[in-house]
Every structure is written in C-alpha cells, then in structure tokens.
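Here the structure comes first, spelled out in structure tokens, and everything after it is commentary.
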Amino acid sequence: MDLNKLNDKQKEAVLYTDGPLLILAGAGSGKTRVLTYKVAYLIEEKKVKPSNILAITFTNKAANEMKARIIGLIGDIAQAIQISTFHSFGVRIIRENSTLLGYQPNFTIFDADDSLSIIKKILSELNLDPEYYNPHHIKNRISGAKNELLGPEEYEQYANTEFEKTVVKIYKKYNDKLFKSNSVDFDDLLLLPIKLFKEHPQVLARYQEKYKYVLIDEYQDTNHAQYILTKMISAKYKNICVVGDADQTIFGFRGSNYRNILNFESDYQNAKVILLEENYRSTKTILEAANNVIRNNKMRKEKNLWCQNETGLKIKYYRAFDEKDEADYIVSEIKRKIDEANVSFEEIVVLYRTHAQSRTIEEALLRANLPFKVVGSFHFYERKEIKDLMAYLRLIYNEKDNASLLRAINVPKRGIGDATVAKLQTLAEQNNKSIYEVIESGKELKFKELIEEFKALADKVSLTDLVETILIKTGMRQELINDKTLESDIRLENLEEFKSITMHFETTMGIVSLADFLTELSLVSDVSEHKDEREKISLMTIHSVKGLEFDTVFIIGLEEGIFPHINSLMDSNELEEERRLCYVAITRAKKELHFVNARRRLLYGRIQINPPSRFIEEVGSECLDIKEELVEREVLDQKDYMYDVEMLYNKDDHVIHNVYGEGIVVDVDDNILSIAFNYPHGVKKIMKNHRSIRKIE
C-alpha cells in the first residue's frame, strides 16, 4: 500500500486513527480513496483486526465497491470487515438478537408493497374511507415516525387532530400485525437495533467492544435514526471517522439532516477536522462557479474547492426563446461536439429539476436521431400515468380498442374486479364484439357512460380542455392529490405537462381533432426503434446525478420558480437545499458546462414567463460565456390563438393553411372548422380564426 499516491490532506486523514475525525470532502476530492486506504492502513499498519472495523455506506453497490478496493490493497483478509449499508447492518443486529426483541430468527422483512397491503386491510377493518385516509399517506406518516424513533405511544403525544389520532390507531394495529406475523418493515431495521441497545445495555456494550473503529460515508445524508445508531455504537472508543459534505445534502425530503455533520464537533469533543478541498475532476472555471454559488448558503462549513487542472472553457449560458429553442440548442451543441471531436455520447448529460422537463428534450433528441436514456425514470410517453391518459384518449376515439379499455377501466380504481373484467372479455369473444359493446350494467356501465360523455365532448372543445375534463371527471388528478407522496407529485406534474403537448398542437397547427392529434403523437411517442445498445446521452434529474461525473453537462430550466423550485422561494432552508442542488449539478462537469433557460416556457399546460435563476447571477459574469437567441420570433401567448379581428367562414369557402396548403371548408361548428385538404392530408378540424389559416377570396 503506497501512501505516496495520496495528497497531503488525504494522507493526514488516513494516518489519524485515534479519536473522532470529521473529513469534509468536497466534490471530486477523492473521499472513497481516503476511506479505502484508511481501512487498509488500520489493518496493515495498526494491526487492527478486520472484524473490529465497521464501515457504513449508503448503497449496496458502494459497499461492494469499497470492499473490492480494500481487497485490492491488502488481500482477502479484508473479507472479515463489516462493510454494509445501515439497513444491512440493522438486519445483522436483529438476527443475532431476535429472541431479545421477541422475534423468531427466521423473521421476514416486508417491502413497501407489503406494508401498503397491511395498511389497506386495516383501513377496511376499521371501516375508514381510503379516499380520506389515503394508504400511501398513512404509510409515509408511520415511516416518518419510525425514522424519528417514535413508536405508536410516543407518536400519540403529538396527535392533536382527529386525523392524527386515527393515524395512531392505524399505527398500533400495523405494528401488531407485523409482530404477530414475525415480520419487520424496512424502517424497523434501524428502529429495532436502537430499541435493543436502550433496553439491553449489555448487548450494546458487546457491539461497542466488537466495533472499535467506525467509519461512515456520506454522513450528511444520515437521518435521525442513523445518527443515533452511529453515536451508540461509537460511544465507548470514539474512534469514529465520518466523511461527507454539508454542501451536498440534497435529500432533505427523505429525512436526511445536514445538521448531523454540522454538529459533529459538538457531539464529539476534541474532534479533528480535515478538509479535502483539492478537486481531481473539474476545471478551475467550473470550480470557481461552484464556490461562488455555495458560499451564499449560511448553514455550512466553510471550504473552497481548488484544482491543479486547466482553467478550461467558460460556462456557456444560453437564454433561449422558449422550451423548444432550449431543446434545439442542446441538440445543436451536442452535434457540434460530435462533429468537432471524438466525443462519447456516454460523457454527455442533460440535468433538470423536475421529470416533466425532460419531454421536450426527449422529442428533440428523437427527431435528431440521437441516442439517449432517461435515467431513474421512463421516457415521457412510457410513464404509467401518461399511458393511462393516452388509453382514455384512444378509447374516446375508438371504443373498440380493447387494450385501451382494459387499461383505463380501473384507472383510478372504481371497484371493477378482475372477475368482472374476465367475464366481459369472454362475453365479447363469444359474441364477436368489442368489450365496450357488451357492457350493459354495473359499475362498468358507469365507466361506459363516462366515455360516452367524453366522446360527445371531443368534437366541441379543444384538446386541452378535453384532457382537463378527463383529469377532473375520472378522478385521476384527485387520486394523485390525495396520495400526498413524492411519486404522486411527480406523476401529477407529468399529467399537467401533457396539456403542454395538446396546447402546442393547437397553437402551432390549429389542430383540435383527436384523430389528428393521436396520429401526430404516435410519430414522436414510439420509442421502440430507439431501444438499442449504443452509447447514449443521459437525461436525469439533479437528485439522480449525485455521485456521477460527465465531460459535458447541460443544466436546463435555470429560471426562478423552476430552479430554484417554486416551493422553496418563501423558505430560507428550502432555498439553501436548492442551492446545494445547484452546487451538486455544477460539480458533475469535468470539462464543459452549459446553463440554459428560456424567456417563456410552456410547462404543465401553462405559459410561464420567469426571470433567470438567481444561481446564474451568483455564479458571476466572469465565469460565463453569454449567448442569446438572436432570431426575431413571433411572440405567442394563450390569447394569440385567434386573430384580433374575427373572420367569418362559411361552408365551401376556400382557405390556405401554413402546413396543409389549400383546402375547402366542409363544415362550420361554433369555433371549429372542418376543412378538406388535398391528398394526403384529408379532412382536418382546425380552430376557427387560428393564425395558421386564412381565407382565399
């Protein structure tokens, strides 16, 4: 093991072995190398038994990688080290002491779906309305309580409302059912070891003696339960080394508490603090930008990233006209890089604050035939909620579409069981009819009547209004609102973003026909041809990119209300977390960084005009290469769909359309014209007085 491969600060961190140590490791500063060398040094030089070392990481992948690196340094002796996640460590403690906790050694661990099923059963037993006492929301409440080490009795002290008192009742029943089935849930893997240590001090003493050296990675992401468990294990010898960076705490919504790392010196007297500030990843310009942004946060430990790398390119800042221009800029820059240099697609990433922003980027990359993957999510048109909505639209257009009916009939759940659906399928096959045609009674008839209502409406309103009506009358939107989970919030954003698609068709082409819309949409939504194994450009949220690095990074949507997110603008703590998100995004870039935003943006079906993000100003003009769209463009907003002077149309009028060419009006209905265009376009329904058409006198 050659310590000369480490810089001075890294070496100092490795050599300091006795007493509490806080390593503040900036982005790209080699913290994993320090941890692996430190463990190897303890074993090889300090003659610490591998079984006396506990190393905690946050993912199984990271744990496996750390063990492999240590084995590479000192050999198979490292196999005896306890390297795991907090939850894996918790499983070990519970299994070794199950009888003291009242469990059999063969206890099972319930996953999220198992827990949800139990809660639903309890709601049924208590005759509680699942619409009001949403199972997902109840599950999150119980999980949050457990991570704060609050059992049902402790949680009851905070129950002031009737709703909270009911949650306590459900919590008690939930724990009883788990215990009687010799099962634990994921949160119990932290809660039960702490309970064990409090009730049986002799057991805690045994583990304290066993694990004389404790190392914790990503300490800034620990929650309250993880924090307490760490303190209890390390309390005797206090040979605890934590590595982290308060500036990269971005998972507050999951319960992580950045104060754990800020308070380390208060928790452990005479703690040594070592700053790893030399970055091995990025250029000087990128690091300057990151430092300029993060120093605006007040709740942090002061440090300043630096590097010996080249100064590098300035950050390219492009202020686009709209979200389409934003996407086109990204495509053009990627093509430029591919043409100018031997650049790998895998070294390019596009980062955004919310999942819904990916849609226009996906479509632009598809049109340009550039390979990409959406990391941590599905392509926009493959997301469940979008497929559900599309199923409604296809069924409204074609009631004989059995596949769409089967998908939509129980979204949201309306009590139509599998047995009923199976009977309908059999009846349809026997009578050589569609499933829709054989529906005659029951809850399924109410569903059919709802579709009939939508069918009648489809010819009278705009596509956007039709989608809005579907979201309201089916209950799809309300179900997600009631769910009150992060996943549901994301799904709701995606459904709202679908209205941006319909509005785009209406504003640019005047299309209001459901048939035309579905046809046009199929051309961009079919991604089956793009499922290849080539290197691909990555698209992901900033939360998903933590721990990764890329040569070229695009950060899009840098506008107030988008990034920073609108929910953070009135809360200083939330705003500081958004700034940490920005810091993480910037420090993912190794060579080239792009900031992109838009003057106006169609998002969630609404035109938004947001000022540039405050983070751009905080970066400083000296770091930026500012570019703006220069093309004169026609400015549209929601009132610009029609001309100011209304044009009167009659049947047989000759018109010309910007895209479809000359045509003849064959029908006039309120605000919609049916126009027969030359082959191959056929009859199209166009909004009357839309700027895309004009009368030929």
Side-chain angles (χ1 to χ4, degrees), residues 285-286 289-290 292-293 312-338 343 345 347-368 370 372 374-375 380 497 500 537-545 550-566 578-579 581-603 607-621 623-631 633:
T285 298
I286 290 169
N292 288 349
V293 168
L313 299 170
K314 285 191 173 186
I315 299 166
K316 295 184 179 179
Y317 169 34
Y318 182 71
R319 184 146 171 76
F321 173 74
D322 57 16
E323 75 282 356
K324 300 290 183 184
D325 189 27
E326 179 181 62
D328 290 344
Y329 168 78
I330 292 168
V331 167
S332 66
E333 284 296 302
I334 291 174
K335 285 183 173 179
R336 176 188 62 77
K337 290 190 66 62
I338 301 302
V343 176
F345 286 124
E347 284 298 330
I348 301 172
V349 67
V350 181
L351 301 178
Y352 35 81
R353 180 62 181 82
T354 62
H355 287 280
Q357 291 171 257
S358 75
R359 180 187 60 85
T360 52
I361 309 299
E362 290 177 42
E363 292 182 359
L365 292 171
L366 282 170
R367 288 193 300 269
L370 291 172
F372 69 92
V374 182
V375 179
F380 186 82
E497 175 61 10
S500 295
I537 300 157
S538 295
L539 275 59
M540 65 180 88
T541 64
I542 301 169
H543 282 101
S544 300
V545 80
F550 297 85
D551 281 348
T552 302
V553 173
F554 293 87
I555 307 175
I556 70 169
L558 275 161
E559 299 150 35
E560 290 290 300
I562 295 178
F563 189 31
H565 195 277
I566 191 168
E578 291 291 300
R579 190 173 281 112
L581 260 181
C582 186
Y583 174 81
V584 167
I586 291 172
T587 53
R588 299 311 95 194
K590 293 193 285 187
K591 298 177 181 177
E592 191 171 317
L593 179 59
H594 297 252
F595 289 169
V596 197
N597 58 21
R599 298 176 184 278
R600 56 189 295 114
R601 181 181 299 276
L602 180 60
L603 188 64
I607 295 288
Q608 300 183 23
I609 300 177
N610 303 313
S613 169
R614 70 191 66 196
F615 301 147
I616 294 173
E617 183 178 354
E618 290 174 0
V619 160
S621 58
C623 295
L624 301 176
D625 176 11
I626 302 174
K627 301 176 182 294
E628 295 197 36
E629 56 88 24
L630 301 176
V631 180
R633 295 171 184 260

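By convention here, the first residue in the shown sequence is residue 1.
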Problem set entry | Shortest non-hydrogen separation from Val619 to Ala289 and the atoms involved | CG1-CB, 3.8 Å
For this session: Give a yes or no on whether a salt bridge exists between Arg359 and Glu363, defined as a side-chain N under 4.0 angstrom from a carboxylate O.
Result: yes
Problem set entry | Asn597 and Tyr318 side chains, donor-acceptor separation under 3.5 Å | no
For this session: Using a 4.5 Å cut-off on heavy atoms from C-beta on, say whether the side chain of Phe372 contacts that of Glu362.
Result: yes
For this session: Flag the pair Leu558 / Val596 as yes when at least one side-chain heavy-atom distance between them is below 4.5 Å, and no otherwise.
Result: no
Exercise. Looking only at heavy atoms, which two atoms of Ala290 and Thr587 are closest? And how far apart?
Worked result: CB-CG2, 3.6 Å
Exercise. Taking everything shown except Lys324 itself, do over 12 heavy atoms lie less than 6.0 Å from its NZ?
Worked result: yes
Seminar exercise, completed: Applying side-chain hydrogen bond (donor to acceptor under 3.5 Å, both in side chains) to Arg601 and not counting sequence neighbours gives Glu326, Glu559
Exercise. Do Lys337 and Thr552 have side-chain heavy atoms sitting under 4.5 Å apart?
Worked result: yes
Problem set entry | Set of residues satisfying ring-ring contact (aromatic ring centres under 6.0 Å, His included) with respect to Phe563, sequence neighbours excluded | Phe615
Exercise. Should we count CD1 of Ile338 as having more than 12 external heavy atoms under 6.0 Å?
Worked result: yes
For this session: Check whether any side-chain heavy atom of Ile315 sits under 4.5 Å from a side-chain heavy atom of Asp625, and report yes or no.
Result: no
Problem set entry | Heavy-atom closest pair, residues Gly557 and Ile562 | O-CG2, 3.4 Å
Problem set entry | Any residue meeting salt bridge (Lys or Arg N to Asp or Glu O under 4.0 Å) with Arg588, in chain and number order, not counting sequence neighbours | none
For this session: Answer whether the closest heavy-atom distance between the side chains of Ile361 and Ile330 falls below 4.5 Å.
Result: yes
For this session: Over 60° means perpendicular and under 30° means parallel, so classify the ring planes of Tyr329 and Phe554, tilted if in between.
Result: perpendicular
Problem set entry | Validation row: Asn292, Cys623 side chains within 4.5 angstrom (heavy atoms) | yes
Problem set entry | Test item: Leu351 and Thr541 side chains (from C-beta on) under 4.5 Å apart, heavy atoms | no
Exercise. So does Glu333 pair up with Arg336, basic N to acidic O under 4.0 Å?
Worked result: yes
Exercise. Do you know the tightest heavy-atom contact between Ala585 and Ile555?
Worked result: CB-CD1, 3.6 Å
Exercise. Heavy atoms, side chains only, cut-off 4.5 Å: are Glu592 and Asp551 in contact?
Worked result: no
